[in-house]
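Atoms considered below: every heavy atom in the structure, side chains included; atoms not considered: hydrogens, waters and symmetry mates.
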Amino acid sequence: DKVQSLLDLFKKSGENYQLKDIQGFFVEFAEDQHGSRWLQQKLETADETEKKLVFEEIQPHLSSLMSNMFGNYVIQKFLEYGTEGQRRIVLEKLSSNVVNMSLHMYGCRVIQKAVECLPSRQQAEIISELDGMIIRLVKDQNGNHVIQKAIECADPEILQFIIRSFAGQVISLSMHSYGCRVIQRALERCSADQSTIIMWEIHEHVDALVEDQYGNYVVQHVLEHGTLQDKEKIIR
């Protein structure tokens, strides 16, 4: 078939190809390991016309590419290097689908890149869609990375609803293989008031946490990075 022949030719002499040479096959290239890597490199230095050429062709396939093993990286490049209009279209496609994508092995990478790259207003739009699903996401093998990225990149006030959802759950999360990482990120990045909410529960159950295979990492984290007051409370 024509696509396979083009990909085979491309694998032999890919360095001689320009974006315009594979017009009509951008989706197939994005879904191929070698084709995707080549497209990613080209998009980093592409001019507006070339980006437009690629984006217009892949736009009807954004949803499937976001959850594709190799295609997700091409969408990430548009979040990073695309025009404002292209980023907005990707964001619209993500809208109302952020939780599902966050739970997806490849989709979660696109969400993380969006949280990392987009301006704070658009970043807040994405993060706000996670409301009501925080605990499920924290305990998910893919979703936990999205929550960690949100905590790392967003302003503490945007994260208030995330910290609030931890209330009464701090110990069970600290004793969870993914949850313990999220609690550590939260203690690093949230405001003093927010960390007080978390630390109150940690102090209440510090003995159980020290004995737990994951909880002990949270206690170690407090001893290394916490306030003097929190450290003294634990050591007593």
Side-chain angles (χ1 to χ4, degrees), residues 31 36 62-77 79-80 90-118 120 122-190 194-195 197-199 201-202 205 208-209 212-222:
E31 291 175 339
S36 170
L62 285 177
S63 293
S64 61
L65 288 173
M66 284 176 192
S67 49
N68 179 271
M69 184 189 288
F70 304 118
N72 81 86
Y73 293 109
V74 174
I75 307 303
Q76 286 185 58
K77 286 297 174 194
L79 285 168
E80 212 171 342
V90 173
L91 184 61
E92 282 165 10
K93 189 53 78 174
L94 285 173
S95 188
S96 307
N97 202 23
V98 173
V99 171
N100 287 336
M101 281 291 178
S102 296
L103 293 166
H104 191 278
M105 187 190 292
Y106 305 122
C108 75
R109 297 171 187 182
V110 177
I111 302 293
Q112 286 174 76
K113 184 60 78 173
V115 167
E116 198 179 289
C117 289
L118 293 174
S120 53
Q122 293 174 317
Q123 181 196 65
E125 280 174 39
I126 286 183
I127 293 171
S128 68
E129 277 200 41
L130 306 174
D131 203 357
M133 296 295 287
I134 298 302
I135 302 303
R136 181 175 174 200
L137 288 163
V138 168
K139 292 185 173 183
D140 181 78
Q141 62 178 339
N142 304 311
N144 83 87
H145 295 293
V146 171
I147 303 297
Q148 285 189 66
K149 185 61 76 174
I151 291 169
E152 282 168 24
C153 297
D155 291 332
E157 60 268 21
I158 291 173
L159 303 172
Q160 186 59 31
F161 76 91
I162 295 181
I163 305 302
R164 223 177 19 242
S165 72
F166 292 164
Q169 303 269 353
V170 172
I171 302 313
S172 70
L173 292 177
S174 297
M175 292 177 162
H176 188 274
S177 56
Y178 307 132
C180 72
R181 299 175 201 167
V182 174
I183 294 296
Q184 288 173 72
R185 288 302 82 70
L187 288 171
E188 285 165 6
R189 288 279 297 128
C190 61
Q194 289 169 337
S195 60
I197 297 167
I198 297 172
M199 284 309 308
E201 290 186 41
I202 289 174
H205 302 276
L209 288 173
D212 184 76
Q213 61 173 328
Y214 301 115
N216 80 88
Y217 290 121
V218 174
V219 177
Q220 282 178 50
H221 191 275
V222 176

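At most 12 non-hydrogen atoms from other residues, nucleotides or ligands lie less than 6.0 angstrom from NZ of Lys93.
Rounding to the nearest 0.5 Å places CD of Gln123 at 11.0 Å from OG of Ser128. Remark: Ser174 OG to Leu187 CG distance equals 8.0 Å, nearest 0.5 Å. Note that the CD atom of Glu129 and the CE atom of Met101 stand 11.5 Å from one another [nearest 0.5 Å]. With rounding to the nearest 0.5 Å, the separation of CD1 in Ile111 from CD1 in Ile147 is 11.0 Å. Atom CD1 of Ile134 sits about 12.5 Å away from atom CZ of Arg136, to the nearest 0.5 Å. Note that SG of Cys190 and CG of Asp155 are 13.0 Å apart. Values are rounded to the nearest 0.5 Å.
When all heavy atoms of Ile151 and Arg189 are compared, the pair lying nearest together is O-NE, 3.1 Å. Closest of all the heavy-atom pairs between Phe70 and Glu31 is CD1-O, 3.4 Å. Between Ser165 and Ile135, the shortest heavy-atom distance links the atoms O-CD1, 3.5 Å. The two residues Asn216 and Gln220 have their closest heavy-atom pair at OD1-NE2, 2.7 Å. Of all heavy-atom pairs between Ala186 and Ile198, the closest is CB-CD1, 3.8 Å. Across all non-hydrogen atoms, the minimal contact from Ile171 to Glu201 is CD1-O, 3.3 Å.
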> Are Ile127 and Ile162 close enough, and set up right, to give a side-chain contact (heavy atoms from CB on, under 4.5 Å), and what steps lead you there?
Replying inline: CA-CA 9 Å; Ile127 293 171; Ile162 295 181; 4.2 Å; yes
>> For Leu137 and Val146: C-alpha separation, side-chain torsions, deciding distance, then whether side-chain contact (heavy atoms from CB on, under 4.5 Å) applies.
In response: CA-CA 8 Å; Leu137 288 163; Val146 171; 5.8 Å; no
> Does the pair Gln160 and Glu157 meet the rule for a side-chain contact (heavy atoms from CB on, under 4.5 Å), with working shown?
Replying inline: CA-CA 5 Å; Gln160 186 59 31; Glu157 60 268 21; 5.8 Å; no
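For Gln76, the side chain to side chain donor-acceptor pair (under 3.5 Å) criterion is met by Asn72, not counting sequence neighbours.
Within the 4.5 Å cutoff, side-chain heavy atoms of Ser172 are placed close to those of Lys139. Using a 4.5 Å heavy-atom cutoff, the side chains of Val115 and Glu152 are not in contact. With contacts defined as side-chain heavy-atom distances shorter than 4.5 Å, the pair Ile202/Val218 qualifies. Between Leu91 and Leu118, the closest side-chain pair of non-hydrogen atoms falls below 4.5 Å. Under the 4.5 Å side-chain criterion, counting only non-hydrogen atoms from C-beta, Met66 is in contact with Val90. Counting only heavy atoms from C-beta outward, the side chains of Leu65 and Val74 never approach each other to under 4.5 Å.
Within the structure, ring pair (Phe, Tyr, Trp, His ring centres under 6.0 Å) pairs that include any residue of residues 142-186 comprise His176-Tyr178 (at least two apart or interchain). Applying the salt bridge (Lys or Arg N to Asp or Glu O under 4.0 Å) test to every pair with at least one member in residues 162-187, sequence neighbours left out, gives these pairs: Arg185-Glu188.
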